[in-house]
Asker: 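Right, I'll just put the structure down here and ask away after.
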Protein chains: 2
Amino acid sequence: MPEPSRQQLRRQQTVEHIIRHAVDVMARDGVAALSLSEVARRMGIRSPSLYKYFPSKLSVYDELFRSGSAQLLSTFRDAAAAAEPGLAALAAGFEATGRFMMDNPVLAQLLQWRPVPGFEPSAEAFAPNQEFLGEIRRVVLDAVDRHQLRAEAASERGLIVLSILISGVLSQQLANDPKSGFDEGRYTSATGDVLAMFERTYAADGGPQ
Amino acid sequence: MPEPSRQQLRRQQTVEHIIRHAVDVMARDGVAALSLSEVARRMGIRSPSLYKYFPSKLSVYDELFRSGSAQLLSTFRDAAAAAEPGLAALAAGFEATGRFMMDNPVLAQLLQWRPVPGFEPSAEAFAPNQEFLGEIRRVVLDAVDRHQLRAEAASERGLIVLSILISGVLSQQLANDPKSGFDEGRYTSATGDVLAMFERTYAADGGPQ
DNA sequence: GTCTATAGCCTGATAGAC
DNA sequence: GTCTATCAGGCTATAGAC
């Protein structure tokens, strides 16, 4: 594979520019209210030029979904990898995910809710998201291996419960108290309690303590 | 207070018609994509006529928010009242709320998320929602009085955790599996587990079992 | 309370010159 | 890859006749 030419690099930068401005517009007007005209206006170009980079408005959402999922995945991965494997890694990943979402509310809404009529992520854009679920399962399995949680915690039902907890914290925070940061948020600050509830419910029977 | 005249009744019916058609449009095109022109088209009238009933598009959202919150409140109240006071009432209210939301996904999105740029419910529209929170607190306090839960369960933190659980179940179900009903839903069917987790965490120390 | 007519915007997307 | 010009339509909201 040849390395990317200068032209391709330049093009890639423009694509990132477009996405960045699109996020700004969504932050101001709502995720569903993205206007390509407004993006072009902010970039100081004419709207037809955007169509050299994206074939349609929905494809802009798709690229944002893809890159956002990928960022989220590596955020979780890095945080979990930096902690002791098992419960500590789960807690670290959980918290890092929450912080990332609160720092990127537009992305959070796009990934968690389905706010854009007619937009369904393509299989390619959805791939990092699938991988994210696998990553969580892996971390929970680590905790099971270390006798911190029962095997049940890594069952489909256990992981669904875990996803409900993350989603609940973030949904409530974004909808009812969107201006607070992660640490001050009425809901995000309950992250520890909620995770502790999960850990206690699925604690290994004869584990330490 | 005089009872409403026939004219006022007729007017009220038209208002309800408008709301009903607005919900249909939102169900098809997305909550944020409501178009009054489309509502008028479906009603077989011209769009200017709508302005005799609502001063603006946002006021349509406000009325929907108000009436939806009121319905949700009475749904919870009725279900809780029909059950044994305490934990059973909490579970019944929890489930009835979930069913109502899944039967009314447009309403669920409007009440739980904030999908409409520029729309904030008026104080009047928000009132039933506040009352709903009070109702939940009351039911949890009943459970505390009956020594089923610790007093902590009715603390602000306890109620926040409870709201996270409800919101998490519904958010995940609406976003990822919106076509299933309450009973088959991958997430709503975990309602019992999630509530059990709460009950166990806040169980009265020396309570029965 | 309904209508026609319209103001005054906005949008996404395309054709084709340079 | 940028532009001008434009299509073809959408929308909210208002004025004013009936």
Side-chain angles (χ1 to χ4, degrees), chain A residues 4-65 110 115-120 122, chain B residues 4-65 110 115-120 122:
Chain A
S5 69
R6 269 195 298 278
Q7 271 185 28
Q8 283 170 328
L9 275 177
R10 183 82 183 78
R11 191 183 164 80
Q12 191 48 40
Q13 280 180 359
T14 307
V15 165
E16 281 163 21
H17 257 141
I18 292 170
I19 294 289
R20 211 161 53 236
H21 281 98
V23 169
D24 289 347
V25 173
M26 290 187 251
R28 197 193 59 180
D29 297 338
V31 177
L34 173 61
S35 147
L36 294 190
S37 309
E38 177 64 18
V39 170
R41 218 171 287 129
R42 287 174 180 227
M43 292 178 70
I45 63 173
R46 307 295 158 195
S47 44
S49 304
L50 293 176
Y51 286 81
K52 298 288 174 184
Y53 301 92
F54 291 98
S56 71
K57 189 162 94 156
L58 291 185
S59 68
V60 175
Y61 283 116
D62 208 57
E63 170 58 18
L64 181 57
F65 193 101
L110 186 66
V116 184
F119 169 63
E120 289 290 325
S122 64
Chain B
S5 69
R6 268 195 298 279
Q7 270 184 29
Q8 284 170 327
L9 274 178
R10 182 83 183 78
R11 192 183 164 81
Q12 190 48 39
Q13 280 179 359
T14 306
V15 165
E16 282 163 20
H17 258 139
I18 292 171
I19 294 289
R20 212 159 54 235
H21 280 98
V23 169
D24 289 346
V25 173
M26 289 186 251
R28 197 194 59 177
D29 297 339
V31 176
L34 173 62
S35 148
L36 294 191
S37 308
E38 178 63 20
V39 171
R41 218 171 287 129
R42 288 175 180 225
M43 293 179 70
I45 63 173
R46 307 296 158 198
S47 43
S49 304
L50 293 175
Y51 287 80
K52 298 289 173 183
Y53 300 93
F54 291 97
S56 72
K57 188 161 95 155
L58 291 185
S59 68
V60 174
Y61 283 116
D62 207 56
E63 169 58 16
L64 181 58
F65 194 102
L110 186 66
V116 185
F119 169 63
E120 290 289 326
S122 64

Asker: What distance separates A:Leu110 CG from A:Leu64 CG, expressed to the nearest 0.5 Å?
Answerer: 5.5 Å
Asker: Set out, line by line, the N/O atom pairs under 3.5 Å between protein and nucleotides 9-11 of chain D.
Answerer:
| from | atom 1 | to | atom 2 | distance (Å) |
| --- | --- | --- | --- | --- |
| D:dC11 | OP1 | B:Ser35 | OG | 3.0 |
| D:dC11 | OP2 | B:Arg41 | NH2 | 3.1 |

Asker: Taking side-chain contact (heavy atoms from CB on, under 4.5 Å) as the test, write out the residues that go with A:Pro117, two or more places apart.
Answerer: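 Per chain and number, A:Pro117 pairs via side-chain contact (heavy atoms from CB on, under 4.5 Å) with A:Ala32, B:Ala33.
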Asker: Which atom pairs, donor and acceptor, lie under 3.5 Å between side-chain atoms of residues 55-62 of chain B and protein residues at least two apart or in another chain?
Answerer:
| from | atom 1 | to | atom 2 | distance (Å) |
| --- | --- | --- | --- | --- |
| B:Ser56 | OG | B:Leu58 | N | 3.4 |
| B:Ser56 | OG | B:Ser59 | N | 3.3 |
| B:Lys57 | NZ | B:Leu34 | O | 2.9 |
| B:Ser59 | OG | B:Ser56 | N | 3.3 |
| B:Ser59 | OG | B:Ser56 | O | 2.6 |
| B:Tyr61 | OH | B:Val31 | O | 2.7 |
| B:Asp62 | OD1 | B:Ser122 | N | 2.9 |
| B:Asp62 | OD1 | B:Ser122 | OG | 3.4 |
| B:Asp62 | OD2 | B:Ser122 | OG | 2.6 |

Asker: Would you tabulate the side-chain donor-acceptor contacts of residues 16-27 of chain A under 3.5 Å, counting partners in other chains and residues two or more places apart, or write 'none'?
Answerer:
| from | atom 1 | to | atom 2 | distance (Å) |
| --- | --- | --- | --- | --- |
| A:His17 | NE2 | A:Arg20 | NH2 | 3.3 |
| A:His21 | ND1 | A:His17 | O | 3.1 |

Asker: Is the closest side-chain heavy-atom distance between A:Gln13 and A:Leu9 below 4.5 Å?
Answerer: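 Counting from C-beta outward, A:Gln13 and A:Leu9 never come under 4.5 Å.
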Asker: Could you list the residues that satisfy salt bridge (charged side-chain N to carboxylate O under 4.0 Å, His left out) with A:Arg41, not counting sequence neighbours?
Answerer: A:Glu38
Asker: Distances under 3.5 Å between protein N/O atoms and the N/O atoms of nucleotides 3-6 of chain C, please, pair by pair.
Answerer:
| from | atom 1 | to | atom 2 | distance (Å) |
| --- | --- | --- | --- | --- |
| C:dC3 | OP2 | B:Arg46 | N | 3.0 |
| C:dC3 | OP2 | B:Ser49 | OG | 2.9 |
| C:dT4 | OP2 | B:Arg46 | NE | 3.2 |

Asker: Using a heavy-atom cut-off of 4.0 Å across all strands, would you classify A:Phe54 as base, sugar-phosphate, or nothing?
Answerer: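 A:Phe54: no heavy atom of the nucleic acid under 4.0 Å.
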Asker: To the nearest 0.5 Å, what is the distance between OG (B:Ser5) and CZ (B:Arg11)?
Answerer: 11.0 Å
Asker: Step by step, work out the side-chain contact (heavy atoms from CB on, under 4.5 Å) result for A:Leu36 and A:Phe54.
Answerer: CA-CA 10 Å; A:Leu36 294 190; A:Phe54 291 98; over 6 Å; no
Asker: Mind listing the residues from residues 9-28 of chain A sitting with a heavy atom below 4.0 Å of DNA chain C? Number order is fine.
Answerer: none
Asker: Return yes when atom CZ of A:Arg28 has more than 12 non-hydrogen atoms of other residues, nucleotides or ligands closer than 6.0 Å, and no otherwise.
Answerer: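 For A:Arg28, atom CZ is crowded (more than 12 foreign heavy atoms under 6.0 Å).
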Asker: From OH of A:Tyr51 over to P of C:dT14, roughly how many Å is that when rounded to an integer?
Answerer: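 Roughly 7 Å, once rounded to whole Å.
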Asker: Identify which nucleotide among C:dG12, D:dT12, C:dG1 has an atom closest to any side-chain atom of B:Tyr53, counting heavy atoms from C-beta outward.
Answerer: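 Of C:dG12, D:dT12, C:dG1, C:dG1 is nearest to the side chain of B:Tyr53.
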